Amino acid sequence: MATTTPSRGRRRAPSRMTRAAGKAAALQKPRVILALLLLLALTSVMLLDGYLRAEVGGDERVRSNASSSKVPDEVLDGGPILSFRGGEAQSQSVPEKTIALTFDDGPNPTWTPQILKILEANDVPGTFFVVGSMVSRYPSIVKDLVNQGNEIGIHTFTHVDLSYQSDDRIAREMDQTQLALAGAAGITTTLFRAPYSSEADAIDNYSWPVYKKLGEEGYTSVFVDTDSDDWKRPGVSKIIKWATPSKSKGASVLFHDAGGERSQTVKALGTYIKKMKAKGYTFTTISGAIRQGNGQDAQAGQNSQQPGSEQGEQAGGQAPGGQQGQQGQQPGQAGQLDQSGQAGGVNSLQAAHRTATGTTLYEGKALVAAVAVAEWTVPGLAVGLAVVGVAVMGRFGMMLILARRHYRQRNKRRFSWGPTVTQPVSVIVPAYNEKECIANTLESLAKSTHPIEIIVVDDGSTDDTSQIARDAARSFGMTNVRVIRQENAGKPAALNNGVRSASYDIVVMMDGDTVFEPDAVHQLVQPFADPEVGAVAGNAKVGNRNTIIGAWQHIEYVMGFNLDRRMYDLLRCMPTIPGAIGAFRRDAVLEVGGMSEDTLAEDTDITIAMHRGGWRVVYQEHARAWTEAPASLKQLWSQRYRWSYGTMQALWKHRKSLTDKGPSGRFGRVGMPLVVIFQIITPVFAPLIDVFTAYSMIFIDFKAALLAWLAVLGIQLVCAAYAFRLDREKYRYLLMMPLQQLAYRQMMYLVLIHSCITALTGGRLRWQKLKRTGEVGTPAGVS
């Protein structure tokens, strides 16, 4: 056994390393928080979109046939306009020969613009009772509606029967709609129509308290006395007939500009307006009907509509206190009429409107902006997830087909790489603070069936790694071990030192926490009988698999790594030779510049460099090594963070392979896209699949969503079971797979986002040492 002493030099002080580690940890925390915030933001966007579409918080209950014993008779027998001026309920009818056209459930991007064109062409105003969620989704339509001179009323935010709701829910339904109006058109309103309401005589003991409460807050409730029943789609002639008031009575007439297919409403409306005008009817808004009923004209309104006056309240209604409506009653705003008969710059027929200012205006714009983001994001995510789902299913299918072909090809009796490779090889073991594992590693190499020399490169360990390695070599009677010590410079430098010191043409690289099976080296080097082969990936297995975290990684290694490597081998675009077990031609490593320190994933970096150098990289399934996987979530995070970030660095470093020719171009145009799609993009979307599934289970269709999730899980189980069969592993570990999908995948998402943020911010990481226990002993002891 030979020992090489490094040249003297100044060692890095432990305190300095500790400070660097602390600084790195401090930088990582904000990135982790940002990753969590991103997932939270996407979840919030989904919930907002679901709320707008009544998937979240939807309530389809509608009350009917309830008693009205507590409702005053004068209200039940009164007109369709109900206000509470001075705290007293007052009903009012639309004046004779006057029609107030009202439209419910909008705005709708298809039907509302068509209705607005008809109203404009006939110089007729309408009163639109809008649903707040629709306002926030289509704000430009609401702005056009107001600018055209029409009037707006509230029809709640989610179109729920308020008689079933709590006071807080009622307040939210009203306030959120006011905010949507403020954001869309810069107004609030004092008019209200309850969903599922009809004539005033339908008020019951459950809805009456709601109308009283809203009336006390300044709202005027509007009912119907003539219903077109256009929602039934009975035909144009019947819609016109049913919307025509009897005799010469005035009417609050109900149409719908949303809530379903409204082509019959659009066809009937123009004819209806012309017919009513021919009969001598005039058209107005609800506010206009109120003023006409009080015998007011525009000039009288100018003289009397001062704050607090009886006529002013009756014409415009009290500003709802819940939405800072009082700000609309300042001089020059919507509470007063100016010299031109305009209400604060708003048409006098829109006297129910209040100009939104201050907090209400900005909160409203923020709501509309948030909804716009949700309207674009959620459909985009849905399309993206569909594409990813198809890609993942296609990948599973391709993996199964190619893995089966690879297994059959490499396990034929006649298959051979060429003459048996018998010459000695150099085994390089980079080690940093591996006192728990290094003895087991050397013991496994002592049983190798292939002639080897062993080079342990101690990368500035602060424990007794070097001495333990020497002592182990003596105890096992090994004379083929050299221990080289160097100042701490990182794993790539340690491997390069080993390559330069190697005596043989083939070098095997392994980790200091890994144990080889006796024939691992012999199996690993056989592909070098083919002169085109420059590197070989071995079959790394998880030794400490009897914990939940270990079992998860065991599944990932067998299915996600080794099944992938079979596919990549046949496609000739292997992206990574595992650091735990890999072999290289020494000259090829030196030819491509050795193990680079440019990235954290030196194994991926050197593998891509081998492809670009024209060498073939293959997978040898029979060369098995047992490695100690991270035993805690913190250690697992640290390892996968380094892997993920390093892979991104390596791909970026070798991005020119996309335009190269030959083997380099083959990897760039085949291997690189596969790695980007299935190691970066897919893991980002994978947790969102679970979020969408959970969302669907809770708010849409539990059974259908559960069956879809189970179907995907079933496909993954089939692939995993086949991979376990090829590797002759025990199936019992697959029982952990459902839990792996629920927890492990979310963690990998956060790791990937963390890595992306690090890459974008230009952060750098050093070789990170995981805590080892040494529980992975000789291969014979692995269960």
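Everything numeric in this text was worked out from a predicted model, so none of it was measured.
- Here S198 contributes atom OG and D225 contributes atom CG; the two are 11.0 Å apart, rounded to the nearest 0.5 Å.
- Taking CG of D167 as the reference point, atom CG of L162 lies at 10.5 Å (rounded to 0.5 Å).
- Scanning all heavy atoms of the two residues, the minimum distance from V142 to A185 falls at CG1-CB, 4.2 Å.
- Between Q90 atom CD and T220 atom OG1 the span is 10.5 Å, to the nearest 0.5 Å.
- A distance of 10.0 Å separates NZ in K232 from NZ in K238, rounded to the nearest 0.5 Å.
- Looking at T244, I239, V236 one by one, the single match for side chain to side chain contact (heavy atoms under 4.5 Å, CB included) with Y272 turns out to be T244.
- Within a 6.0 Å sphere centred on NZ of K249, heavy atoms belonging to other residues, nucleotides or ligands number 12 at most.
- Side-chain polar atoms of D168 and S166 form no donor-acceptor pair below 3.5 angstrom.
- Using a 4.5 Å cut-off on side-chain heavy atoms (C-beta onward), I290 and Q92 make contact.
- Judged by distance alone, with hydrogens and angles left aside, the side-chain atoms of S228 form a donor-acceptor pair with the main-chain N or O of L254 at under 3.5 Å.
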Task: Check against salt bridge (Lys or Arg N to Asp or Glu O under 4.0 Å), D104 and R193 - done: CA-CA 9 Å; D104 282 6; R193 173 177 282 163; 2.8 Å; yes
Open item on the list: Please evaluate residues E173 and R169 with respect to the criterion salt bridge (Lys or Arg N to Asp or Glu O under 4.0 Å), reporting the C-alpha separation (whole Å), side-chain torsions for both, the decisive distance (0.1 Å), and the verdict.
Closed with: CA-CA 6 Å; E173 291 284 331; R169 175 68 182 270; 2.9 Å; yes
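- Evaluation of the side chain to side chain contact (heavy atoms under 4.5 Å, CB included) rule for V368 yields P139 as partners, not counting sequence neighbours.
- The aromatic ring centres of Y196 and Y164 sit 6.0 Å or more apart.
- The 12-atom threshold is not exceeded at CD of E88, counting heavy atoms of other residues, nucleotides or ligands nearer than 6.0 Å.
- Proximity of D257 to N108: side-chain heavy atoms (C-beta onward) are nowhere separated by under 4.5 Å.
- Every side chain to side chain contact (heavy atoms under 4.5 Å, CB included) that D201 has, sequence neighbours left out, goes to E199.
- You'll find the side chain of M276 reaches within 4.5 Å of the side chain of P245, heavy atoms only.
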Return all side-chain donor-acceptor pairs below 3.5 angstrom for residues 116-125, not counting sequence neighbours, or 'none' if the list is empty.
from	atom 1	to	atom 2	distance (Å)
N122	OD1	K274	NZ	3.3
N122	ND2	I118	O	2.8

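- More than 12 heavy atoms of other residues, nucleotides or ligands shown are found within 6.0 angstrom of NZ on K97.
- The two atoms that bring G259 and D105 nearest to each other are N-CB, 4.2 Å, heavy atoms only.
- Formation of a donor-acceptor pair under 3.5 Å by the E151 side chain with backbone atoms of I286 is found in this model.
- In terms of heavy-atom proximity, A89 sits nearest to V75 at CB-CG2, 4.0 Å.
- Applying the side chain to side chain contact (heavy atoms under 4.5 Å, CB included) test to W231 and every residue at least two apart in sequence or in another chain returns D229, H256, R262.
- Of the possible polar contacts, one joining the T102 side chain to the V253 backbone as a donor-acceptor pair under 3.5 Å is found.
- The number of heavy atoms from other shown groups lying within 6.0 Å of OH (Y281) is above 12.
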Open item on the list: Evaluate K213 against V210 for side-chain contact (heavy atoms from CB on, under 4.5 Å), listing each step before the verdict.
Closed with: CA-CA 5 Å; K213 176 179 175 59; V210 176; 5.9 Å; no
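- By the 4.5 Å heavy-atom criterion applied to side chains, I273 and L101 are counted as neighbours.
- With rounding to the nearest 0.5 Å, the separation of CD in Q165 from OH in Y206 is 14.5 Å.
- From T226, atom OG1 reaches atom CZ of F255 across 10.0 Å, with rounding to the nearest 0.5 Å.
- With sequence neighbours left out, W208 forms a ring pair (Phe, Tyr, Trp, His ring centres under 6.0 Å) with F84.
- In this structure the side chain of I203 reaches within 4.5 angstrom of the side chain of F223, judged on heavy atoms.
- Remark: side-chain polar atoms of E363 are not paired, donor with acceptor, to backbone N or O of L179 under 3.5 angstrom.
- The main-chain N or O of L145 is found under 3.5 Å from a side-chain atom of N150 such that the two form a donor-acceptor pair.
- Using a 30° and 60° split on the angle between ring planes, F192 and Y211 fall in the tilted class, from 30° to 60°.
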- [ ] Before giving the answer on side-chain contact (heavy atoms from CB on, under 4.5 Å), spell out for L181 and T188 the whole-Å C-alpha distance, their side-chain angles and the decisive distance to 0.1 Å.
- [x] CA-CA 6 Å; L181 289 173; T188 59; 5.7 Å; no
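- You'll find the side chain of L269 reaches within 4.5 Å of the side chain of F103, heavy atoms only.
- For the pair I154 and F129, the tightest heavy-atom approach, listed with the atom from each and the gap, is O-CD2, 3.8 Å.
- For the residue pair N205 and S69, a side-chain donor N or O sits within less than 3.5 Å of a side-chain acceptor on the partner.
- Here the side chains of V71 and D204 are not in contact, with every heavy-atom distance at 4.5 Å or above.
- Between the side chain of T98 and the backbone N or O of E96, at least one donor-acceptor pair lies under 3.5 Å.
- Q292 and P95 make their closest contact through CB-CG, 3.7 Å (heavy atoms, listed as atom of the first residue, atom of the second, distance).
- Shown here are the side chain to side chain contact (heavy atoms under 4.5 Å, CB included) partners of P109, two or more places apart in sequence or in another chain: Y138, I141.
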- [ ] Any chance you could lay out the side-chain contact (heavy atoms from CB on, under 4.5 Å) test for H353 and T189, step after step, and finish with the verdict?
- [x] CA-CA 4 Å; H353 294 176; T189 182; 4.2 Å; yes
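- Here the closest non-hydrogen pair linking S93 and P80 is CA-CD, 3.8 Å.
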Open item on the list: Between T271 and K267, is the side-chain contact (heavy atoms from CB on, under 4.5 Å) condition met? List the steps.
Closed with: CA-CA 7 Å; T271 303; K267 292 178 181 178; over 6 Å; no
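- Both the sub-6.0 Å distance and the 45° axial angle are not jointly satisfied by R172 relative to the ring of F157.
- Counting only heavy atoms from C-beta outward, the side chains of V222 and S252 approach each other to under 4.5 Å.
- Between the R63 side chain and the S163 main chain, a donor and an acceptor come within less than 3.5 Å of each other.
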